[in-house]
Amino acid sequence: AYAPDLTSFITNCVAGVLPDEVMLYEVNVMNTGNIDIIGAQVSTVLGGLMTTPSWICQATGGATCDNTAGNGDLSELVDLPVGSELVYMFDTTVTGSLLEFIDVETSVSMPSGTTDVNIANNTTFDSDLIYQFIFKDGFDCAAPGTIESTNLLLDSLLN
C-alpha cells in the first residue's frame, strides 16, 4: 500500500542544563514510509536562550543533505529514499538565566502534493530547565523533556 511517512526526533539527552553550558542536540530525520521522498522540508526552532548553533549533517541510506554544515536554525530541502536517515548535530551554548525553559522543536514535512500517512511523528519537542546542579545522573541519554516534565522539575526545585 502507498504509505509515505517521514519522522523527526530531537534530543540533547539531558533534562536540565547549567548556565553557560555547551549543549549538543541531535536531530534525526527518517523516511519510515515506503515511498522515496524528494524535496522534504526540515526545520528547527531552537529559541533564544542559546548562542547561534553551528551544525553538521550526516546522511545514510542514500539520503542527501541540502547543506553538510551551517549555522542557526535549519530550513533545508532534503531527499530521503525509503529507509534513509539524516542526522544533524547542533553545537550551542546556554545563554539563558536560571529557571528559564529552553524549548526546541524540529519538524519535517512532505513536498507539495504528497500526504504523510502519520503526521503525529513529523514534529518533536525537547524542553529543558536551566538550573544549578552538582552532577548529572549517569551516562544514559535522558528522554526529551516535555513542558510537563520540565514544570515538575521546576516545582520540585522551588518546594
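It should be emphasised that the depicted structure is a prediction, and the values quoted were computed from it without experimental measurement.
Atom OG1 of Thr11 and atom CZ of Phe125 lie 14.5 Å apart (nearest 0.5 Å). Expressed to the nearest 0.5 Å, how far CG of Leu129 lies from CG of Leu98 amounts to 8.5 Å. A distance of 11.0 Å separates CG of Asn28 from OH of Tyr88, quoted to the nearest 0.5 Å. Taken from OG in Ser84 to CG in Asp79, the straight-line distance is 9.0 Å, to the nearest 0.5 Å. To the nearest 0.5 Å, atoms OG1 (Thr7) and CE (Met30) are separated by 5.5 Å.
The hydrophobic clustering, which links ILVMFWY residues whose side-chain heavy atoms are closer than 4.5 Å, places Val104 and Trp55 together. By the rule that hydrophobic residues join a cluster once side-chain heavy atoms approach within less than 4.5 Å of another member, Phe101 and Leu153 end up as members of one cluster. Both Tyr2 and Leu80 are assigned to one and the same hydrophobic cluster, defined by single-linkage of ILVMFWY side chains at heavy-atom distances under 4.5 Å. Neither Phe9 nor Ile119 shares a network with the other; the hydrophobic side chains, linked directly or stepwise wherever heavy atoms of I, L, V, M, F, W or Y lie under 4.5 Å apart, form separate groups for each. Both Leu157 and Leu18 belong to a common hydrophobic cluster when Ile, Leu, Val, Met, Phe, Trp and Tyr are linked at side-chain heavy-atom distances under 4.5 angstrom.
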Step-by-step side chain to side chain contact (heavy atoms under 4.5 Å, CB included) determination, Asp91 to Val22: CA-CA 7 Å; Asp91 187 342; Val22 172; 3.5 Å; yes
Intermediate values then yes/no, side chain to side chain contact (heavy atoms under 4.5 Å, CB included), Thr93 and Met23: CA-CA 6 Å; Thr93 302; Met23 283 198 303; over 6 Å; no
Pair Val78-Thr64, side chain to side chain contact (heavy atoms under 4.5 Å, CB included): steps then yes or no: CA-CA 6 Å; Val78 299; Thr64 55; 5.6 Å; no
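A 4.5 Å side-chain heavy-atom check between Val94 and Met50 finds every atom pair outside the cut-off. Side-chain atoms of Ile147 and Asp103, non-hydrogen and from C-beta on, do get closer than 4.5 Å to each other. Counting heavy atoms from C-beta on, the side chains of Tyr25 and Asp126 come closer than 4.5 Å. Using a 4.5 Å cut-off on side-chain heavy atoms (C-beta onward), Leu6 and Thr32 make no contact.
For the residue pair Ser8 and Ser107, the shortest heavy atom distance occurs at OG-CA, 3.9 Å. Nearest heavy-atom pair across Cys57 and Leu86 is SG-CD2, 4.0 Å. The two residues Asp116 and Asn118 have their closest heavy-atom pair at OD1-N, 2.9 Å. Of all heavy-atom pairs spanning Asp128 and Gly16, the tightest one is OD1-N, 4.3 Å.
If you check the side chains of Glu26 and Asn12, you find no donor sitting under 3.5 Å from an acceptor. Side chains of Thr51 and Thr92: a donor-acceptor N/O pair is present below 3.5 angstrom, by distance only. Inspection of the Asn31 and Asp5 side chains reveals no N or O donor paired with an N or O acceptor under 3.5 Å.
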Atom pairs and distances, side-chain donor-acceptor, residues 35-47, under 3.5 Å, sequence neighbours left out:
{"residue": "Asp36", "atom": "OD1", "partner": "Val82", "partner atom": "N", "Å": "2.8"}
{"residue": "Gln41", "atom": "NE2", "partner": "Ser75", "partner atom": "OG", "Å": "3.2"}
{"residue": "Thr44", "atom": "OG1", "partner": "Asp73", "partner atom": "OD1", "Å": "3.1"}
{"residue": "Thr44", "atom": "OG1", "partner": "Leu74", "partner atom": "N", "Å": "2.7"}

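Glu105 is linked by a side chain to side chain donor-acceptor pair (under 3.5 Å) to nothing, counting only residues two or more places apart in sequence or in another chain.
The main-chain N or O of Val108 is found under 3.5 Å from a side-chain atom of Asn122 such that the two form a donor-acceptor pair.
A side chain to side chain donor-acceptor pair (under 3.5 Å) check over residues 141-159, counting only residues at least two apart or in different chains, returns the pairs Ser127-Thr150, Thr146-Glu148, Thr146-Ser149.
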